[in-house]
Amino acid sequence: HPVEPRAAVVAKAGAAIPTRGGETLLGVLHVPAGPGPHPVVVLLHGFPGTERNFDLAQALRRAGYAALVFHYRGSWGVGGCWSWRHVLDDAASVVAAVREVTFSAAHWLDPLRLVVVGHSLGGFAALMTAATDPTITAVASVAGFDFGKAATASRGDPAVRSAHVEAFDSELLPLRGTSGEALVAEMEAAGQAWSLARLGPRLADRPVLLIGTGRDPVTPAEVHHLPLVEA
């Protein structure tokens, strides 16, 4: 089997996976050496995807894991509109596709050993995805962004809300169909349903790796990390 990563359309039964909005998701599948079947990691990148975490994918591949990296709809040339909800929906769609018999057999994957790993927004999406799918073997979050905490802060302070709108607006170049205002409004509407600490009971029976940060102004550990660790 090849040692170098292979480009692959995220496929189900030989066809591109449609999102719930009818779009097509594309990704890169990194396949390790050896006969397999390989455990597989779905790797979820952050907002807006300038950093795709291919370094993690290569490290995982060297350790014997297949690693799939993909773009969410509405970003980097993928059709559809960007939204936080679409990120969650797309993560669930890709997890289902990787487990599909034809896809897993074609790439020597073990669908029963599937892990979800994410960074920043992707960390949030990884934890949310694992919390709603108890068959996911394990989950890891690197500097996960707690949208529930951010929503509370945004609703409680107009200056904080304006800062969120401005920060999201500054990252829109590779995205389509959204705005900083729309993204903040969606976050506020979800509220505590997107609080990471609330996921604790649904994750407690599986291996969970939580990596917090001490110097990251976007996801300070005391706000975005420690409440989930305690939960």
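Quick caveat, the model's predicted, so the values are computed rather than measured.
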**Item:** side-chain contact (heavy atoms from CB on, under 4.5 Å) partners for Arg176, two or more places apart
**Value:** none

**Flag side-chain contact, heavy atom, 4.5 Å: His38 against Tyr65** = no

**Request:** Give a yes or no answer on whether the side chain of Arg113 reaches the backbone of Pro37 with a donor-acceptor pair at less than 3.5 Å.
**Result:** yes

**Message:** How long is the straight-line distance from NZ of Lys149 back to OG of Ser154, given to the nearest 0.5 Å?
**Reply:** 14.5 Å

**Asked** Looking at side-chain heavy atoms only, is the closest gap between Val115 and Val139 below 4.5 Å?
**Response** no

**Prompt:** Can you check side-chain contact (heavy atoms from CB on, under 4.5 Å) on Leu60 and His30, steps first, answer last?
**Reply:** CA-CA 9 Å; Leu60 288 162; His30 301 72; over 6 Å; no

**Prompt:** Same cluster or not: are Trp76 and Phe54 linked, directly or through other Ile, Leu, Val, Met, Phe, Trp or Tyr residues, by side-chain heavy atoms under 4.5 angstrom apart?
**Reply:** no

**Asked** Are Glu188 and Val184 side-chain neighbours, meaning at least one heavy-atom pair lies under 4.5 Å?
**Response** yes

**Request:** Identify the heavy atoms of Asn53 and Leu44 that sit nearest to each other, and give their distance.
**Result:** OD1-O, 4.3 Å

**Message:** Is the shortest side-chain heavy-atom distance between Asp110 and Val40 below 4.5 Å?
**Reply:** no

**Request:** Applying salt bridge (Lys or Arg N to Asp or Glu O under 4.0 Å), name anything that partners Arg202, two or more places apart in sequence or on another chain.
**Result:** none

**Complete:** side-chain hydrogen bond (donor to acceptor under 3.5 Å, both in side chains) filter on Thr152, not counting sequence neighbours, yields Gln192

**Message:** Applying side-chain hydrogen bond (donor to acceptor under 3.5 Å, both in side chains), can you list everything that pairs with Asp157, at least two apart in sequence or on another chain?
**Reply:** none

**Asked** salt bridge (Lys or Arg N to Asp or Glu O under 4.0 Å): which pairs involve residues 41-53, sequence neighbours left out?
**Response** none

**Request:** Kindly compute the distance separating OG1 (Thr129) from CG (Asp89), expressed to the nearest 0.5 Å.
**Result:** 9.5 Å

**Request:** Hydrophobic side-chain clustering at under 4.5 Å (ILVMFWY, transitive links): who's grouped with Leu209? Put none if nobody.
**Result:** Val142, Ile211

**Asked** Between NE2 of His119 and CZ of Phe145, what distance do you get to the nearest 0.5 Å?
**Response** 12.0 Å

**Fill in**
Closest heavy-atom pair, Leu199 versus Ala131, reported as atoms and distance to 0.1 Å, is CD2-CB, 3.8 Å

Could you tabulate the donor-acceptor pairs under 3.5 Å formed by side-chain atoms of residues 163-172, not counting sequence neighbours?
from	atom 1	to	atom 2	distance (Å)
His164	ND1	Val160	O	3.4
Asp169	OD1	Gly180	N	2.8
Ser170	OG	Ala167	O	2.6

**Complete:** Taken in chain and number order and not counting sequence neighbours, the residues that satisfy ring pair (Phe, Tyr, Trp, His ring centres under 6.0 Å) with His45 are His71, Tyr72

**Min side-chain heavy-atom separation Val117-Val42 under 4.5 Å** = no

**Request:** Determine the minimum heavy-atom distance between Arg206 and Pro134, stating which atoms define it.
**Result:** NH1-CA, 3.6 Å

**Prompt:** Between Trp194 and Trp84, is any pair of side-chain heavy atoms under 4.5 Å apart?
**Reply:** yes

**Item:** Closest approach of Thr24 to Val78 (non-hydrogen atoms, all atoms of both residues)
**Value:** O-CG1, 3.2 Å

**CG-OG1 distance between Leu88 and Thr132, expressed to the nearest 0.5 angstrom** = 8.0 Å

**Item:** Atom of Ala126, atom of Ala140 and distance for their closest heavy-atom approach
**Value:** CB-O, 3.9 Å

**Distance, nearest 0.5 Å, that separates OG of Ser75 from CG of Leu173** = 12.0 Å

**Asked** Are the side chains of Glu23 and His86 in touch, meaning some heavy atoms are under 4.5 Å apart?
**Response** no

**Asked** Can you name the closest pair of heavy atoms from Ala151 and Gly191 and give their distance?
**Response** CB-CA, 4.1 Å

**Asked** Angle class for the Trp82/Phe47 ring planes (parallel below 30°, perpendicular above 60°, tilted otherwise)?
**Response** tilted

**Item:** Sequence neighbours excluded - salt bridge (Lys or Arg N to Asp or Glu O under 4.0 Å) pairs with any residue from residues 27-47
**Value:** none

**Request:** Check whether any side-chain heavy atom of Val41 lies under 4.5 Å from a side-chain heavy atom of Val116, and answer yes or no.
**Result:** no

**Item:** Distance in Å, Glu186 CD paired with Ser83 OG, rounded so as to fall on 0.5 Å steps
**Value:** 4.5 Å

**Message:** Could you work out, with side-chain hydrogen bond (donor to acceptor under 3.5 Å, both in side chains) as the rule, every residue matching Thr135, not counting sequence neighbours?
**Reply:** Arg99, Asp133

**Item:** Step-by-step side-chain contact (heavy atoms from CB on, under 4.5 Å) determination, Phe103 to Val98
**Value:** CA-CA 6 Å; Phe103 185 86; Val98 167; 4.2 Å; yes

**Request:** Could I get the full list of side-chain hydrogen bond (donor to acceptor under 3.5 Å, both in side chains) partners for Ser104, not counting sequence neighbours?
**Result:** none

Do any side-chain atoms of residues 218-228 form donor-acceptor pairs under 3.5 angstrom with protein atoms, and if so which ones, sequence neighbours left out?
from	atom 1	to	atom 2	distance (Å)
Thr219	OG1	Asp216	OD2	2.8
His224	ND1	Asp146	N	2.8
His224	NE2	Val218	O	3.4

